[in-house]
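Just so you know, these numbers use all the heavy atoms, side chains as well, and skip hydrogens, waters and symmetry mates. Positions are given from 1, in the same order as the sequence printed here.
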Amino acid sequence: KYHPHGDQSVYDAMVRMAQDFSMRYTLVDGQGNFGSIDGDGAAAMRYTEVRMDQMGRDLLVDIERSTVDFTTNFDDSLKEPMVLPATVPNLLVNGSSGIAVGMATSIPPHNLGEVVDALIYMLDKWRWLDNITVTDLMKFIKGPDFPTGGLVFRYKQTKDKEIDALSNAYATGRGRVTVRAKAHVEQMGRNKSRIVLTELPYQSNKTNLLGRIADLHRDGKIEGLTDLRDESDRNGMRIVLETTRNVQPEEVLADLFRLTPMQSTFSISLLALVNGEPRILTLKQALRVYLDHRLEVIRRRSE
């Protein structure tokens, strides 16, 4: 009724909102099979059911009190909200990626506590908003917080100097950061060791990664591996790579980062619709637009 593309695309969107490896904070609470980080698809819609999660409810608080404008749906038969009241800054917290005509957005997920701390800081300094810098906000928002973990590299080495890629992205609204899998080396005795991966870069497919490592080993591009096992279970991810005695595991790791999706680049492009117009926002502008929206919602609720 609200969506012109049929029920399948609505179901795919709902499935994503229930995946804790896709969303930093899930918006719906799903029961049934909703896919996995291995790339498995969700069950057919007759086998699954969902209810609103706490964060999903928070997006709709006070919607019945004329706090937001409504417009007609695609065939003029029903009314739908143009925006949600959103008591949580969902765009920054859960991120967004999408392509429209001639433009694309790619907003990484962030930690809710950090974003709220930054918003409170801006409210406390409301009279002196112009003086707030990206550095001030980055005391609270340290960087993206991906649901699958991984390590974000803030600095990028160029030929002549080191640049702060994360600060530049937040200051301009555009940038690229490097994300790496979290790995450590364990000693096994008899001078052998193993590399253990516990977190992967955002939106990496675990099965594809294991296949890629196996292919590289078979082609002789990565040497020194004796075993490759996936020991992941309900307690978390654990991929084990056993190495031979005559190689340094750190050198094998360096090759893995260079040749496999264990290291990837995340493009940041903070493009959002502000009053119906697409705009590239800095981190400060994104927070400011959200605060202005909340002020309007609370004013309209009071009226």
Side-chain angles (χ1 to χ4, degrees), residues 17 20 23-28 52-69 81-97 105-152 154 164-175 177 202 266 268-275 279-303:
M17 289 195 286
D20 58 1
M23 306 288 283
R24 180 62 184 82
Y25 302 93
T26 54
L27 299 179
V28 295
M52 292 290 261
D53 219 329
Q54 182 60 53
M55 187 79 105
R57 287 200 293 271
D58 289 340
L59 290 176
L60 299 170
V61 171
D62 293 327
I63 197 166
E64 73 285 351
R65 296 191 188 177
S66 304
T67 48
V68 290
D69 291 331
M82 295 176 80
V83 288
L84 296 178
T87 55
V88 265
N90 187 59
L91 191 66
L92 278 172
V93 164
N94 268 320
S96 178
S97 65
T105 184
S106 178
I107 302 173
H110 291 86
N111 185 284
L112 178 62
E114 292 178 359
V115 174
V116 168
D117 287 344
L119 289 168
I120 291 171
Y121 175 78
M122 285 181 72
L123 287 172
D124 286 343
K125 301 266 190 295
W126 193 251
R127 286 162 127 187
W128 307 280
L129 267 184
D130 294 344
N131 301 335
I132 295 176
T133 63
V134 171
T135 312
D136 295 333
L137 294 173
M138 285 186 73
K139 288 176 187 163
F140 306 99
I141 300 174
K142 313 286 186 192
D145 184 15
F146 298 110
T148 50
L151 302 170
V152 176
R154 181 169 173 178
D164 190 341
L166 203 53
S167 275
N168 285 355
Y170 283 152
T172 62
R174 286 187 183 277
V177 291
Y202 186 45
F266 189 92
I268 295 175
S269 176
L270 292 169
L271 184 96
L273 289 172
V274 181
N275 298 325
R279 275 178 52 192
I280 289 276
L281 302 172
T282 65
L283 178 65
K284 181 180 170 184
Q285 286 170 336
L287 294 168
R288 174 70 196 269
V289 166
Y290 174 70
L291 287 175
D292 288 342
H293 169 66
R294 285 301 301 162
L295 286 167
E296 188 192 347
V297 165
I298 288 164
R299 179 182 60 77
R300 288 177 61 163
R301 181 184 73 189
S302 308
E303 286 174 356

TODO: Evaluate side chain to side chain contact (heavy atoms under 4.5 Å, CB included) for R24 paired with N111, printing each intermediate quantity in order.
DONE: CA-CA 8 Å; R24 180 62 184 82; N111 185 284; 3.7 Å; yes
Close side-chain approach of [X] and [Y], heavy atoms under 4.5 Å:
X: Y290; Y: V115; result: no
X: I268; Y: P108; result: yes
X: I63; Y: P85; result: yes
X: D145; Y: E114; result: no
X: V177; Y: R154; result: no
X: M122; Y: L137; result: yes
X: L91; Y: I107; result: yes
X: L287; Y: I141; result: yes

Hey, could you give me the [atom1]/[atom2] distance between [X] and [Y], rounded to the nearest 0.5 Å?
X: L119; Y: D124; atom1: CG; atom2: CG; value: 11.0 Å
X: L271; Y: R174; atom1: CG; atom2: CZ; value: 7.0 Å
X: I298; Y: H293; atom1: CD1; atom2: NE2; value: 9.5 Å
X: L283; Y: T172; atom1: CG; atom2: OG1; value: 11.0 Å

Task: Crowding at CZ, R299 (>12 non-hydrogen neighbours, <6.0 Å) - done: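 Atom CZ in R299 is crowded, with more than 12 foreign heavy atoms closer than 6.0 Å.
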- [ ] Return yes when atom CE of M52 has more than 12 non-hydrogen atoms of other residues, nucleotides or ligands closer than 6.0 Å, and no otherwise.
- [x]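 Check passes, neighbour count above 12.
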Task: Plane angle bin for F266 and Y202 - parallel if under 30°, tilted between 30 and 60°, otherwise perpendicular - done: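 Correct class here is tilted.
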[X] (side chain) donor-acceptor with [Y] (main chain) under 3.5 angstrom:
X: K125; Y: I132; result: no
X: D136; Y: T133; result: yes
X: D20; Y: P147; result: no

Which atoms form the tightest heavy-atom contact between [X] and [Y], and what is the distance?
X: S167; Y: V134; result: O-CG1, 4.1 Å
X: T282; Y: Q285; result: N-OE1, 2.9 Å
X: M17; Y: M23; result: CA-CG, 3.9 Å

- [ ] Verify side chain to side chain contact (heavy atoms under 4.5 Å, CB included) between M82 and N275, making sure each step is shown before the conclusion.
- [x] CA-CA 10 Å; M82 295 176 80; N275 298 325; over 6 Å; no
- [ ] Could you check V289, L123, T87, T67 and say which one makes a side chain to side chain contact (heavy atoms under 4.5 Å, CB included) with R294?
- [x]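 Among the candidates, only T87 passes.
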Task: L59 vs L27, side chain to side chain contact (heavy atoms under 4.5 Å, CB included): CA-CA, chis, key distance, verdict - done: CA-CA 9 Å; L59 290 176; L27 299 179; 4.0 Å; yes
- [ ] Dump the intermediate steps for side chain to side chain contact (heavy atoms under 4.5 Å, CB included) on W126 and L291, then the final yes or no.
- [x] CA-CA 10 Å; W126 193 251; L291 287 175; 3.7 Å; yes
TODO: Determine whether the side chains of T26 and D53 contain a donor N or O and an acceptor N or O closer than 3.5 Å.
DONE: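 Yes, side-chain donor-acceptor contact under 3.5 Å.
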TODO: Indicate whether the side chain of Q54 and that of R57 have a donor and an acceptor atom separated by less than 3.5 Å.
DONE: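 Yes, because at least one side-chain N or O of Q54 sits under 3.5 Å from a partner of the opposite role on R57.
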Task: ring-ring contact (aromatic ring centres under 6.0 Å, His included) partners of Y170, counting only residues at least two apart - done: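 ring-ring contact (aromatic ring centres under 6.0 Å, His included) check on Y170 returns H110.
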